[in-house]
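Just below is one structure, and these are the notes that go with it.
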Amino acid sequence: MVDDSGTMLTTIQQWLDGTYRVSIVNSAMNAIAFLNKNIPDLILLDYEMPGCSGPQFLEMLRTDSHTEQIPVIF
């Protein structure tokens, strides 16, 4: 999950944690570092973030063969 809001990250992680393994990062740049070592089944992505918006981050994902097939939900 990628979101700049710590409250949102914590809340959604608590909702999903019992059923899913949830990894959280607080920026697109941290997500890139995470994706260099991990390939998630799904990315929950915030639409508006400082520095790099959700749509910009999705564009980066789609241009990289390593991450282009990962499903993304805004």
(message) Please give me the minimum heavy-atom distance between Gln13 and Met1, naming the atom from each residue.
(response) N-CE, 4.5 Å
(request) Applying side chain to side chain contact (heavy atoms under 4.5 Å, CB included) between Gln14 and each of Leu16, Thr10, Asp17, Ile12, report the one that passes. (result) Thr10
(request) Just jot down the side-chain contact (heavy atoms from CB on, under 4.5 Å) partners of Ile70, sequence neighbours excluded, or say none. (result) Leu35, Ile39, Pro40, Ile43, Thr67
(request) Taking all non-hydrogen atoms of both residues into account, name the closest pair between Met49 and Gly54 and its distance. (result) CE-N, 4.0 Å
(message) When you group the ILVMFWY residues by side-chain heavy-atom contacts below 4.5 Å and let the links chain together, are Met29 and Leu61 in the same group?
(response) yes
(message) Just checking Asp41: does its CG atom have more than 12 heavy atoms from other residues, nucleotides or ligands closer to it than 6.0 angstrom?
(response) no
(request) Enumerate the residue pairs fulfilling ring pair (Phe, Tyr, Trp, His ring centres under 6.0 Å) with a member in residues 29-74, sequence neighbours excluded, ordered by first and then second residue. (result) Tyr47-Phe74
(message) Would you say Val22 ends up clustered with Leu45 if hydrophobic residues are merged whenever their side chains have heavy atoms under 4.5 Å apart, either directly or through other cluster members?
(response) no
(request) Could you pull out the closest heavy-atom pair between Glu68 and Arg62, with the gap in Å? (result) O-NH1, 2.9 Å
(message) Please find the pair of heavy atoms, one from Val2 and one from Ala31, that lie closest to each other, and give the distance.
(response) CG2-CB, 3.7 Å
(request) With sequence neighbours left out, write down each residue that passes side-chain contact (heavy atoms from CB on, under 4.5 Å) with Asn36, or none if nothing qualifies. (result) Ile32
(request) Identify, with sequence neighbours excluded, every residue that meets side-chain hydrogen bond (donor to acceptor under 3.5 Å, both in side chains) alongside Asn26. (result) Asn30
(message) Tell me every residue that passes side-chain contact (heavy atoms from CB on, under 4.5 Å) with Ser5, counting only those two or more places apart in sequence or in another chain.
(response) Asp3, Thr7, Met8
(message) Within this structure, what is the CG-CG distance for the pair Asp4 and Asp46, rounded to the nearest 0.5 Å?
(response) 5.0 Å
(message) My understanding is that only residues two or more places apart in sequence, or in another chain, count here; which of them pass side-chain hydrogen bond (donor to acceptor under 3.5 Å, both in side chains) with Ser53?
(response) Gln56
(message) Quick check: is Leu44 connected to Met60 through a chain of hydrophobic side chains (ILVMFWY, heavy atoms under 4.5 Å apart)?
(response) no
